[in-house]
Amino acid sequence: QVQLVESGGGLVQPGGSLRLSCRTSGTIASIYVMGWYRQAPGKQRELVAFISGGGSTSYADAVKGRFTISRDNAKNTVDLQMSSLRPEDTAVYFCNTAPIRFVWGQGTQVTVSS
């Protein structure tokens with residue numbers, strides 16, 4: 001069974017930074033296009049960034065220029081570096097393939113507040 005384990009969330013002030021990490025079981029992260037998603041209270045889950053096996057990246061307009069997605073195929077991890085955080089970035093963040101193939105992990109809570 002594939003496992004997706006997110007970590008690195010927390011409480012941060014506006015303008016601050018956080019680095020999220022997704023650890024995958026097996027070689028999932030090295031095979032598939034991997035994405036970071038988020039779900040804010042009362043809103044649908046949305047894809048914020050994804051990265052191909054070759055390292056090509058794409059970002060939602062809301063995070064472009066502030067978030068950077070990266071992967072380490074040897075470690076089967078996908079990270080999301082988040083900078084210049086805003087209150088509207090507050091959400092539970094998840095990783096999965098893009099498109100979605102596996103059961104969601106528990107996610108990691110990011111709260112941006114002063």
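Remember, predicted model here, so these are calculated numbers, not experimental data.
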| Judged by atom type as modelled, is there a donor-acceptor pair below 3.5 Å linking the side chain of S58 to the main-chain atoms of F50? | no
| said: Once rounded to the nearest 0.5 Å, what's the spacing between atom CG of D79 and atom SG of C22? | reply: 8.5 Å
| Among the clusters formed by ILVMFWY side chains lying less than 4.5 Å apart, do I31 and V78 turn up in the same one? | yes
| request: Measure across D89 and R66 and return the closest heavy-atom pair with its distance rounded to 0.1 Å. | output: OD2-NH1, 2.7 Å
| request: Determine, step by step, whether F94 and L4 satisfy the side-chain contact (heavy atoms from CB on, under 4.5 Å) criterion, reporting the C-alpha distance in whole Å, the side-chain angles of both residues, the deciding distance to 0.1 Å, and the verdict. | output: CA-CA 8 Å; F94 303 85; L4 303 168; over 6 Å; no
| request: Decide, yes or no, whether a salt bridge links D61 with K64 under the criterion of side-chain N to carboxylate O below 4.0 Å. | output: yes
| said: Checking the side chain of S114 only, and the main-chain atoms of Q13 only, is there a donor and an acceptor separated by less than 3.5 Å? | reply: no
| E6 side chain to C95 main-chain N or O, any donor-acceptor pair under 3.5 Å? | yes
| Just wondering, do L11 and Q109 contact through their side chains at under 4.5 Å, heavy atoms? | no
| Nearest non-hydrogen partners of A49 and L80, listed with the distance | CB-CD1, 4.2 Å
| request: Measure centre to centre between the rings of W104 and Y37, then say whether the value is under 6.0 Å. | output: yes
| field | Q81 CD to S70 OG distance, which is reported to the nearest 0.5 Å | value | 8.5 Å
| Atom CD1 of I100 and atom OH of Y32: how far apart are they, to the nearest 0.5 Å? | 14.0 Å
| query | Checking side-chain contact (heavy atoms from CB on, under 4.5 Å) for the pair M34/T24: CA distance, chi angles, key distance, verdict? | reply | CA-CA 10 Å; M34 294 297 299; T24 72; 4.1 Å; yes
| remark: On a heavy-atom basis, the closest approach of S113 and P14 is C-CD, 3.6 Å
| query | Would a hydrophobic clustering, with Ile, Leu, Val, Met, Phe, Trp and Tyr connected at side-chain separations under 4.5 Å, put V63 with V112? | reply | yes
| field | M82 side chain reached by V110 side chain, heavy atoms, under 4.5 Å | value | yes
| query | In the single-linkage hydrophobic clustering (I, L, V, M, F, W, Y; side-chain heavy atoms under 4.5 Å), do V92 and V12 co-cluster? | reply | no
| task | For Y59 and I69, indicate whether the former's side chain and the latter's backbone hold a donor-acceptor pair under 3.5 Å. | result | yes
| Is there a chain of hydrophobic side chains (I, L, V, M, F, W, Y, each step under 4.5 Å between heavy atoms) that links F102 to L20? | yes
